[in-house]
Asker: 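This structure is in structure tokens; I'll ask about it shortly.
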Amino acid sequence: MQYWLVKTEPEAFSWQDMVAQKRAVWDGVRNYTARNNLKAMALNDIVLIYHSVTDKCVVGLGRVDALAYQDPTTDDERWVAVDIVPVTELPKPVTLAQIKAEPALADLPLIKQSRLSVMPISEDAFKLIVEMGKG
DNA sequence: GCCAACGTTGGC
DNA sequence: GCCAACGTTGGC
């Protein structure tokens, strides 16, 4: 069991869209590091969903529902997609500012490598973010 | 295989 | 809307 954090621009595809569709096809990743992380996902791994740009907060929690497969948005065999289903919404979104202010989260790739869109996170970091998101 | 140019992401 | 960071592309 592994924990992940994925980013999405809410203008393009939001947590709310994902809930409405009851599923998200996580495609369009065009970065090797992020792609490798997608490939490393296992069924039922837990994924934190982060809204970048306008929101800048972790909004919900999903679950990997399909292992990496050919990205349907391209014929290029280098790129893959996974399916993620929504599990729970955080009662209180955890903002980037909160994450930055938390010393235990200081070395999250989210902060250190701000352009990476799919990243692994430790169980401790995961639990802490969920705790911070409780109502 | 190196490196400069370019494009994109994402925070501010 | 700007700009810094950084990944990717393409010329050599």
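So that the names make sense, note that chain A is the first sequence line, chain B the second, and so on, each numbered from 1. As a basis for the values below, the full set of heavy atoms in this structure was taken, side chains included, without hydrogen atoms, waters or symmetry mates.
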Asker: Between dT8(C), dG11(B), dC6(C), which one does the side chain of Asn31(A) approach most closely?
Answerer: dT8(C)

Asker: Distance check needed: dT8(C) P versus Tyr32(A) OH, whole Å only.
Answerer: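 Rounded to whole Å, this separation is 7 Å.
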
Asker: Please state whether the phosphate of dG10(B), meaning OP1 or OP2, lies under 4.0 angstrom from any side-chain nitrogen or oxygen of Lys7(A).
Answerer: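 For dG10(B), OP1 or OP2 has a side-chain N or O of Lys7(A) closer than 4.0 Å.
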
Asker: Just how far, in rounded Å, is C1' of dT8(C) from CG of Asn36(A)?
Answerer: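 Asn36(A) atom CG is separated from dT8(C) atom C1' by 15 Å.
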
Asker: Using a strict 4.0 Å threshold on nitrogen-to-oxygen distance, state whether Asp45(A) and Arg63(A) make a salt bridge.
Answerer: no

Asker: When you check the phosphate oxygens OP1 and OP2 of dC12(B), does a side-chain N or O of Lys100(A) lie under 4.0 Å from one of them?
Answerer: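 Answer is yes, contact under 4.0 Å.
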
Asker: I need the CD1-C1' distance between Ile111(A) and dG10(B), as an integer number of Å.
Answerer: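 After rounding, the gap between these two atoms is 14 Å.
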
Asker: Answer yes or no: are there more than 12 heavy-atom neighbours, outside Asp76(A) itself, under 6.0 Å from its atom CG?
Answerer: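 Check passes, neighbour count above 12.
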
Asker: Between the base of dT8(B) and the side chain of Arg115(A), is there a donor and acceptor pair under 3.5 angstrom?
Answerer: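 Between dT8(B) and Arg115(A), which were checked side chain against base, a qualifying N/O pair under 3.5 Å is present.
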
Asker: Is any side-chain N or O of Gln113(A) closer than 4.0 Å to OP1 or OP2 of dT9(B)?
Answerer: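 The answer is no; no side-chain N or O of Gln113(A) sits under 4.0 Å from OP1 or OP2.
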
Asker: Does dG11(B) have OP1 or OP2 under 4.0 Å away from a side-chain N or O of Tyr50(A)?
Answerer: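 The answer is yes; a side-chain N or O of Tyr50(A) sits under 4.0 Å from OP1 or OP2.
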
Asker: Leu116(A) has an atom CG; how far is it from atom P of dG10(B), in whole Å?
Answerer: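 Going from CG in Leu116(A) over to P in dG10(B) covers 9 Å.
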
Asker: Applying salt bridge (charged side-chain N to carboxylate O under 4.0 Å, His left out), can you list everything that pairs with Lys39(A), at least two apart in sequence or on another chain?
Answerer: none

Asker: How many whole angstroms separate atom CD of Glu9(A) from atom P of dT8(B)?
Answerer: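 Going from Glu9(A) (CD) to dT8(B) (P), I get 13 Å.
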
Asker: Measure CH2/Trp79(A) against P/dT8(C) and give the value in whole Å, please.
Answerer: 6 Å

Asker: Could you tell me the separation between the CG atom of Leu110(A) and the P atom of dA5(C), rounded to a whole number of Å?
Answerer: 17 Å

Asker: Using 4.0 Å as the upper bound for N to carboxylate O, is an ion pair formed by Lys127(A) and Glu131(A)?
Answerer: no

Asker: For the ring pair Trp79(A) and Tyr32(A), is the centre-to-centre distance below 6.0 Å?
Answerer: yes

Asker: Atom CD of Gln98(A) to atom P of dG11(B): distance rounded to whole Å?
Answerer: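 Atom-to-atom, Gln98(A) to dG11(B), this comes out as 15 Å.
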
